[in-house]
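Structure first, then comments.
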Amino acid sequence: MCANQPRRDFLRTAAATGAVLGLSNLGILGELGPVSADEARLDPRKVRYGDDIEPLVRLLEDTPRERVLEVVAGRIKSGLPYKELLAALLLAGVRDIQPRPVGFKFHAVLVVNSAHLASLASPDEHRWLPIFWAIDAFKSSQAEQIKANHWTMQGVDEKVVPNADKAAADFTQAMDNWDESAADAAVTGLARSAKPQQAFEIFCRYGIRDFRDIGHKAIYVANSSRALRQIGWQHAEPVLRSLAYALLEHEGENPAQRDADPDRPWKQNQELAAKIRPDWPNGKSDPKRTAELLATLRSGSANEASEKVVELLNAEVAPQSIWEALFDAAGELMMRDPNIRSLHAVTTTNAMHFAFGQTESDQTKRLLVLQNAAFIPLFRGNPKSKGTPIDQLEPLQPTKSGTEAVAEILADVGSDRTTAARKVLAYAKDNPTPKELIDAARLLIFFKGRDAHDYKFSAAVMEDYAAMSSPWRERYLAASVFNLKGSGAPDNELTKRTRAALEG
């Protein structure tokens with residue numbers, strides 16, 4: 001995507017989008033002048049951003065929800081770069097939305113990277129739509145936050161920020177002790193002194209150490225890291241402060257002083273990680289052993305799942321085969337028991353697989369795969385017998401072919417998801433690169449998606465499908481229809497509201 005789209009290209013894109021949506025000419029949107037940082041007073045307690053980005057953040061914060069899309073469209077037409085808008089959107093979210101619980105209204109922040117990924121993968125004429133959706137999601141969450149309380153990220157106390165040579169050690173100690181105030185001071189010093197990879201390595205381990213917030217901690221680590229790579233490390237400080245605060249959420253007394261259920265896999269897997277052979281990254285792909293691990297994930301306990309991973313890695317099974325079992329186990333949960341926990345099994349596995357590919361630490365890689373294996377049974381809960389296991393799903397040929405087959409499958413999604421899954425399985429086997437199906441499914445999210453989970457889930461599935469190999473990736477894609485949108489679903493409220501705004 002071009003970060004600084006010329007006005008004539010935007011108008012061409014807008015016109016194409018309007019034709020798809022059946023909207024009137026998008027050119028009727030008015031253009032507004034620049035907003036300065038001092039157009040309105042800023043709460044002196046509120047963290048303030050640099051003069052280069054603060055005015056745009058304030059624009060997103062202060063413009064009413066019913067007008068913000070038109071205002072932003074006017075700014076884009078006047079030359080606002082995509083990258084600046086993405087940065088302002090993320091920073092507005094971390095300043096205005098409390099990251100506790102790590103979910104619910106905070107999805108407005110978690111979804112920014114997913115919207116960006118959807119934008120990157122979209123046809124030119126639709127690339128602004130996911131970002132506009134994310135802006136509207138922010139305004140919705142901002143309203144929820146104001147209704148709940150007037151939380152906002154406060155300015156840091158500079159007197160307690162450690163020097164560069166102490167920041168990492170102080171932060172690690174504070175996180176180990178679940179000490180919020182010490183962590184906030186230390187993470188500020190860390191953001192100012194550490195390189196991006198160093199900070200990621202530290203946060204990665206704390207994002208996966210407990211199962212609170214059903215995987216959102218790991219998701220936030222991955223998504224914030226990815227977003228910062230796009231918008232620039234100069235914006236890291238508020239993002240990392242928000243992230244540290246999120247990772248320290250817990251119930252009851254200090255987790256460092258008790259043995260709580262969400263912390264047990266981490267404690268057990270510290271010991272199991274040491275039992276994996278030294279050259280474990282080198283192994284052979286083995287679909288039969290993938291199926292073996294999948295069976296354990298289907299009915300075993302968290303500890304049994306981690307122990308099975310150790311057994312397979314020590315038997316020289318490739319990590320790729322382990323991850324394919326984890327992906328398909330998460331996909332199977334969506335097939336057999338579609339609910340919010342099953343959905344987060346998919347998005348958490350996506351986040352942990354991303355971290356696995358990014359970390360340079362052998363120990364962290366071990367813990368990532370072991371923790372992910374332990375988390376799947378925790379997402380699953382008591383074994384469910386309903387529905388077809390993912391490795392027993394039988395392909396069903398669509399009655400049509402080519403583009404008409406894609407249309408048939410997406411129509412089935414709204415009426416019979418099992419039939420749709422079987423047809424996806426057949427279609428994906430016949431089309432090893434099913435780009436037409438994936439593009440069409442993504443476009444339906446733009447127009448029919450209802451909340452942040454639609455973007456998070458679809459972005460995770462489409463990314464992880466590309467990282468898998470046959471026969472497991474076709475089954476994973478087939479399972480995704482249990483949370484994708486069918487072509488018969490009504491347009492989302494954002495589409496309706498945009499049409500009303502443009503035709504009014």
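With rounding to the nearest 0.5 angstrom, the NZ atom of Lys105 is 13.0 Å from the CZ atom of Phe138. Atoms CE and CG, on Met352 and Leu370 in that order, are 9.5 Å from each other to the nearest 0.5 Å. Atoms CD and CG, on Glu307 and Leu312 in that order, are 12.0 Å from each other to the nearest 0.5 Å.
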**Asked** Would Val221 and Tyr206 satisfy side-chain contact (heavy atoms from CB on, under 4.5 Å), going step by step from the backbone distance to the final call?
**Response** CA-CA 9 Å; Val221 171; Tyr206 291 112; over 6 Å; no

**Message:** Apply side-chain contact (heavy atoms from CB on, under 4.5 Å) to residues Phe327 and Arg473 and explain how you reach the verdict.
**Reply:** CA-CA 9 Å; Phe327 288 136; Arg473 67 176 184 172; over 6 Å; no

**Message:** For a side-chain contact (heavy atoms from CB on, under 4.5 Å) check, start with the C-alpha distance between Leu313 and Val309, then their side-chain angles and the critical distance, and finish with the verdict.
**Reply:** CA-CA 6 Å; Leu313 290 175; Val309 168; 3.8 Å; yes

**Asked** What do the steps show when you test Asn339 against Ser342 for side-chain hydrogen bond (donor to acceptor under 3.5 Å, both in side chains), and what is the final call?
**Response** CA-CA 5 Å; Asn339 58 38; Ser342 299; 3.1 Å; yes

**Request:** Give the C-alpha distance, both sets of side-chain angles, the deciding distance and a yes or no for side-chain contact (heavy atoms from CB on, under 4.5 Å) between Lys365 and Val369.
**Result:** CA-CA 6 Å; Lys365 285 182 182 291; Val369 72; over 6 Å; no

**Request:** Show your working on salt bridge (charged side-chain N to carboxylate O under 4.0 Å, His left out) between Glu311 and Lys308 and close with a plain yes or no.
**Result:** CA-CA 5 Å; Glu311 175 191 326; Lys308 188 65 177 180; 3.2 Å; yes

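Side-chain contact between Asn254 and Asp179 is absent, with no heavy atoms from C-beta onward closer than 4.5 Å. For the pair Trp280 and Asn314, the minimum side-chain heavy-atom distance is 4.5 Å or more. Looking only at side-chain heavy atoms (C-beta outward), Leu90 and Asn113 stay at 4.5 Å or farther from each other. Annotation: side chain of Trp472 is not in contact with side chain of Trp323 (no heavy-atom distance under 4.5 Å). Residues Leu190 and Pro162 are not in side-chain contact: their nearest non-hydrogen atoms beyond the backbone lie 4.5 Å or more apart. Considering only heavy atoms from C-beta on, Leu56 comes within 4.5 Å of Glu84 through its side chain. At a threshold of 4.5 Å between non-hydrogen side-chain atoms, the residues Arg450 and Lys485 count as touching. Annotation: side chain of Lys217 is not in contact with side chain of Leu243 (no heavy-atom distance under 4.5 Å).
Under a 3.5 Å cut-off, the side chain of Ser480 and the backbone N or O of Leu477 do form a donor-acceptor pair. Without hydrogens or angle criteria, Ser458 side chain to Asp454 main chain gives a donor-acceptor distance under 3.5 Å. The backbone N or O of Phe104 sits less than 3.5 Å from a side-chain atom of His107, completing a donor-acceptor pair. Not a single donor-acceptor pair under 3.5 Å links the side chain of Asp213 to the backbone N or O of Gly215. Under the 3.5 Å distance criterion, the side-chain polar atoms of Thr63 are matched with a main-chain donor or acceptor of Leu59. Between the side chain of Ser119 and the backbone N or O of Arg127, at least one donor-acceptor pair lies under 3.5 Å. Using modelled atom types, no side-chain atom of Asp170 and backbone atom of Ala186 make a donor-acceptor pair closer than 3.5 Å. Arg380 places a side-chain N or O within donor-acceptor distance of the main-chain N or O of Gly300, the cut-off being under 3.5 Å. Put simply, the side chain of Ser193 gets close to the backbone of Gly189: a donor and an acceptor are under 3.5 Å apart.
Heavy-atom minimum distance, Val160 versus Ala185: O-CB, 3.4 Å. Shown here for Leu247 and Trp178, the closest heavy-atom pair between the two residues is O-CZ3, 3.8 Å. Minimum interatomic distance between Leu297 and Ala325 (heavy atoms only, all atoms of both residues): CD1-O, 3.7 Å. When all heavy atoms of Leu89 and Ile131 are compared, the closest pair comes out as CD2-O, 4.4 Å.
One finds a salt bridge joining Asp279 and Arg277 here, because a Lys/Arg side-chain nitrogen approaches an Asp/Glu carboxylate oxygen to under 4.0 Å. Remark: Arg241 engages Asp184 in a salt bridge, criterion side-chain N to carboxylate O under 4.0 Å. By the 4.0 Å N-to-carboxylate-O rule, Arg95 lies too far from Glu237 to be salt-bridged with it. Comment: Lys147 does not engage Glu144 in a salt bridge, judged by the lack of any side-chain N to carboxylate O separation of less than 4.0 angstrom. Asp51 and Arg48 are joined by a salt bridge, as a carboxylate oxygen and a charged side-chain nitrogen come within less than 4.0 angstrom of each other.
Side chain to side chain, Ser242 and Tyr220 meet the donor-acceptor criterion of an N or O pair below 3.5 Å. The closest side-chain donor-acceptor pair between Asn303 and Ser306, if any, does not fall under 3.5 angstrom. Gln145 and Asp96 share no side-chain donor-acceptor pair at under 3.5 Å. Between the side chains of Gln358 and Arg226, not a single donor N or O lies within less than 3.5 Å of an accepting N or O. Between the side chains of Glu304 and Thr296, no donor-acceptor pair of N or O atoms lies under 3.5 Å. A side-chain donor-acceptor contact under 3.5 Å links Gln142 and Lys139. Side-chain contact of Thr364 with Glu201: a donor-acceptor pair under 3.5 Å is absent, judged by distance alone.
Residues satisfying the side-chain hydrogen bond (donor to acceptor under 3.5 Å, both in side chains) criterion with Gln363, sequence neighbours excluded, are absent altogether. Annotation: ring pair (Phe, Tyr, Trp, His ring centres under 6.0 Å) contacts of Phe211 (sequence neighbours excluded): Phe375, Phe379.
By the 6.0 Å contact criterion, CD on Glu253 is open, its count of non-hydrogen atoms from other residues, nucleotides or ligands being 12 or less. For Glu158, the CD atom counts as densely surrounded, since its 6.0 Å shell holds more than 12 non-hydrogen atoms of other residues, nucleotides or ligands. Within a 6.0 Å radius of NZ in Lys267, other residues, nucleotides and ligands contribute more than 12 heavy atoms.
Ring geometry for Tyr82 versus His116: interplanar angle of 30 to 60°, hence tilted.
A cation-pi arrangement is absent between Arg212 and Trp266, since the terminal nitrogen or guanidinium carbon is not both under 6.0 Å from the aromatic centre and inside a 45° cone about the axis. Seen from the ring of Phe106, Arg100 does not count as a face-on cation partner, given the 6.0 Å and 45° thresholds.
Proximity of the aromatic rings of Tyr49 and His235 is defined here by a centroid distance below 6.0 angstrom, and this criterion is not met. Ring centers of Tyr455 and Trp133: under 6.0 Å apart, within the cut-off. In this structure, Tyr465 has its ring center no closer than 6.0 Å to that of Tyr476.
Of the candidates Thr349, Leu333, Ile219, His344 forms a side chain to side chain contact (heavy atoms under 4.5 Å, CB included) with just one, namely Ile219. With Ser141 as the fixed residue, the side chain to side chain contact (heavy atoms under 4.5 Å, CB included) test singles out one of Val111, Asp136, Ile97: Ile97. Considering Asp210, Thr348, Asn269 in turn, Asn269 is the only one that fulfils the side chain to side chain donor-acceptor pair (under 3.5 Å) rule with Gln371.
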